[in-house]
Amino acid sequence: MLVLTLGGEGHAEHTSGYECTISEILEPSCGVWWGASPYKDRIEPLEEVVGRRMDIVYTWRGIDQASVPGERERALVAEGRFVHTNIEARRFTRPGHPAVDYGSILRGDFDESLRSQARGVAELKVPYFVTFDHEADAGKRYDRRGTPEEFVRAWRHIVDLYREEGADNAVWVWNVTGWKGNLDRLPGLWPGNDHVDWISWEAYNMSGCDLHPDWTEPVSFEEALRPAYEWIQEEGPRHGIDPGKPVMIGEMGTTYIGPERTRQWYAEIPEVLRRYERVRAVKVWDNRVSDCDFRVGAHEHAREGFAEAGQDPYVNLPDQIREFVASAEQRAGRGLPRLP
């Protein structure tokens, strides 16, 4: 555990002597990391909107790709950002990125590429967020690439391989949709507290989206976040899930719901997060699927709300914290680049 005492100028909300802790798995006690899965893999436009660098950038890779982290991930790390990579149960080296079944992972068919990934992560010598096959509870995935039990075994197999290759800096993020109708699927998909560092789900408003024709009324960021949060806190322990683990909202965003409502949807996020203390990281999904457009740059009101949220002190950790994490990691010989 890294501990930093901040003076009065360190943070608009902190008083002199405020103590902020940053755990080895990058859980801050003093606010929330702010990140994105950027449109066309370009993080700079979002950073220009908010006037700051994103803390975490989400990237997507296949289980058959040996060169992970790739050039893009390495560049992001070198420039001072944390990276979160989702390793999909799909072949990204083949056209169409066909899915693979969990049984093939358990047979060891991808051990070579997974071990190469692990060595690449270890070589970075910085904390690196990793997810295996996000949204395993989603209707289009659940019980299709294999049974829930096979998913759990595949997750644990991958984590164990990474550890065998010395990738102790991999921070494992279990990501599900968090949708209310999927919550009863979560116990069967839980890999265990010893194989998960962060718990993650998504917070979307998809009203007016052609992929969800029955979704007619907008929901707020809080309404989207709350069901899974309450389930983890109240029901999680019965299923062996530690509710004290840090939470990451792995993807979030809204379709356009009018000028003021769109702006407010984003602008209110920091205040909502203050009421959900286990949430310690949030990433916007800055993209589109069919006519479901979540791009921040698509509407000026989304840009305004996102910029307002991103400047809030609660999601804009002060320079002292970033510098302290960097210097502590460097003293430990892990070489974490300084975050600006």
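With respect to Arg74 and Glu123, a salt bridge is recorded, a charged nitrogen being found less than 4.0 Å from a carboxylate O. Ionic pairing of Arg53 and Glu79 is not present here: no N-O contact between side-chain nitrogen and carboxylate oxygen is shorter than 4.0 angstrom.
Ring planes of His301 and Tyr256: tilted class, angle from 30 to 60°. Between Trp265 and Phe221, the angle of the ring planes goes over 60°, which puts this pair in the perpendicular group of the 30/60° scheme. Using a 30° and 60° split on the angle between ring planes, His212 and Trp215 fall in the perpendicular class, above 60°.
When only modelled atom types and interatomic distance are considered, His134 and Glu88 share a side-chain donor-acceptor pair under 3.5 Å. Between Gln117 and Tyr162, the side chains place a donor N or O and an acceptor N or O closer than 3.5 Å (distance only, hydrogens not considered). Side-chain polar atoms of Thr177 and Asp137 form a donor-acceptor pair below 3.5 angstrom. At a cut-off of 3.5 Å, with distance as the only test, a side-chain donor of Asp133 or Tyr102 sits close to an acceptor on the other residue. For the residue pair Asn175 / Ser200, a side-chain donor-acceptor distance below 3.5 Å is found, with atom types taken as modelled.
Applying the side chain to side chain contact (heavy atoms under 4.5 Å, CB included) criterion to Thr147, with sequence neighbours excluded, gives Asp143, Glu149, Glu150. Residues meeting the side chain to side chain contact (heavy atoms under 4.5 Å, CB included) test with Ala228, sequence neighbours left out: Leu183, Trp201.
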Review point. Checking side-chain hydrogen bond (donor to acceptor under 3.5 Å, both in side chains) for the pair Asn205/Thr254: CA distance, chi angles, key distance, verdict?
Key: CA-CA 5 Å; Asn205 169 59; Thr254 182; 2.9 Å; yes
Practice item. Would you check, one step at a time, whether the test side-chain hydrogen bond (donor to acceptor under 3.5 Å, both in side chains) holds for Tyr204 with Glu251? Key: CA-CA 8 Å; Tyr204 281 114; Glu251 301 175 28; 2.5 Å; yes
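Aromatic pair Tyr58/Phe129: ring centres not closer than 6.0 Å.
Val57 is listed as a side-chain neighbour of Arg72, based on a closest heavy-atom distance under 4.5 Å.
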